[in-house]
Amino acid sequence: MSHSHLQCCINPSILSADFVNLEAELARISNADAVHVDVMDNHFVPNLTIGLPVVERLQKVSPIPLDVHLMISDVDRWAPQFADAGMSSVTFHVEASDAPIKLARELRARGAKAGMALRPATPVEPYLDMLDEIDMLLIMTVDPGFGGQAFLDVMLPKIRRARAAVEGSGVNVAIQVDGGITEETILRAAEAGANIFVAGSAVYGRPSPADAIESLRANGQLAFGYAAIS
Ligand code: DX5
Ligand code: ZN
């Protein structure tokens, strides 16, 4: 399948940044498409990060849009408040939502793009009929909770099936991947059909996060081109 029509976006995750210097850490990735903000509640996932007050402050000082990834329970109650705080996109886990279609509509009504995330063990097929209701599908390529884990190649067929469904139905839905994205694994994820790439350690773990973003973007675009030739 040709991917030459896709736009390749790199969204660094501030989970791997220095939490004491977040404003400066944002300035280091100003050439990224958006900043990925991981919100964890130590309930939906076994880790705890930041909540709404900190995210609201990040929104005020960030030079680029915020892409918030909510790894929290009771998400139907919380997610709309993140949309109200001016997020470019708000992504909820479908496993944590009681009413995902209602929630996606609420997020859009509040001016945010609606993202829906799937854990690695959650199949995509039950959700293909609601693609029209969302702007982004996040296919987790690690079990959520921690940065620095290895990319799960076993997710590649799921990315391919999701891309085929998006192209087949003609909807405008981005496919995001999150977890273990490096200059090497981005090639396979992009070839499979993902077009928004979250990278934490492969950006903030490098001497120059800005250079790392450009390398990741170049490889993503390369893989889209390879797919067009084959
Ligand atoms: C994991 C988070 C990711 C994490 C990715 O649960 O959702 O966004 O920051 O980190 P890396 O890129 O290091 O796997
Ligand atoms: Zn994330």
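Any value given below was found using the heavy atoms of this structure, including those in side chains, with hydrogens, waters and symmetry copies removed. Whatever order the structure lists ligands and atoms in, that order sets their numbers, starting from 1.
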Point to revise | Asp18 atom CG: more than 12 heavy-atom contacts under 6.0 Å | key: yes

To check your reading of the model: name the closest protein heavy atom to [atom], its residue, and the distance in Å.
| atom | answer |
| --- | --- |
| atom 12 (O) of ligand 1 | Gly200 N, 2.7 Å |
| atom 13 (O) of ligand 1 | Ser201 OG, 2.5 Å |
| atom 14 (O) of ligand 1 | Gly180 N, 2.8 Å |
| atom 7 (O) of ligand 1 | Asp178 OD2, 2.8 Å |
| atom 10 (O) of ligand 1 | Gly147 CA, 3.5 Å |

Could you tell me whether the side chain of [Y] reaches within less than 4.5 Å of the side chain of [X], counting heavy atoms only?
| X | Y | answer |
| --- | --- | --- |
| Arg217 | Asp33 | yes |
| Met136 | Thr91 | yes |
| Arg163 | Ile175 | yes |
| Leu118 | Lys158 | yes |

May I ask you to decide whether [X] forms a salt bridge with [Y], counting only side-chain N to carboxylate O separations under 4.0 Å?
| X | Y | result |
| --- | --- | --- |
| Glu191 | Arg160 | yes |
| Lys60 | Glu56 | no |
| Glu25 | Arg28 | yes |

State which residues pass side chain to side chain contact (heavy atoms under 4.5 Å, CB included) with [X]; sequence neighbours excluded, sorted by chain then number.
| X | result |
| --- | --- |
| Val55 | Val37, Val39, Ile50, Leu66, Phe82, Met87 |
| Ser215 | Glu183 |
| Ala210 | Asn31, Ser208 |

Practice item. Measure from NZ or CZ of Arg119 to the centre of the six-membered ring of Phe44 and say whether it is under 6.0 Å with the direction within 45° of the ring axis. Key: yes

If you measure every N or O of [X] against every N or O of ligand 1, does any of those distances drop under 3.5 Å?
| X | value |
| --- | --- |
| Gly148 | yes |
| Ser16 | no |
| Asp143 | no |
| Gly145 | yes |

Check your understanding: Ala202: heavy atom below 4.0 Å from ligand 1, yes or no?
Key -> no

Point to revise | Those atoms of ligand 1 less than 4.0 Å from some heavy atom in His69 | key: 7 (O)

Check your understanding: Which of the atoms in ligand 1, numbered in the order shown and given with their element, are less than 4.0 Å from a heavy-atom of Pro144?
Key -> 6 (O)

Review point. Going by chain and residue number, what protein N/O/S atoms come nearer than 2.8 Å to the Zn ion (ligand 2)?
Key: His36 NE2, Asp38 OD1, His69 ND1, Asp178 OD2

Check your understanding: Which bit of Ser13 is near ligand 1, meaning a heavy atom under 4.0 Å away: side chain, backbone, both or neither?
Key -> side chain

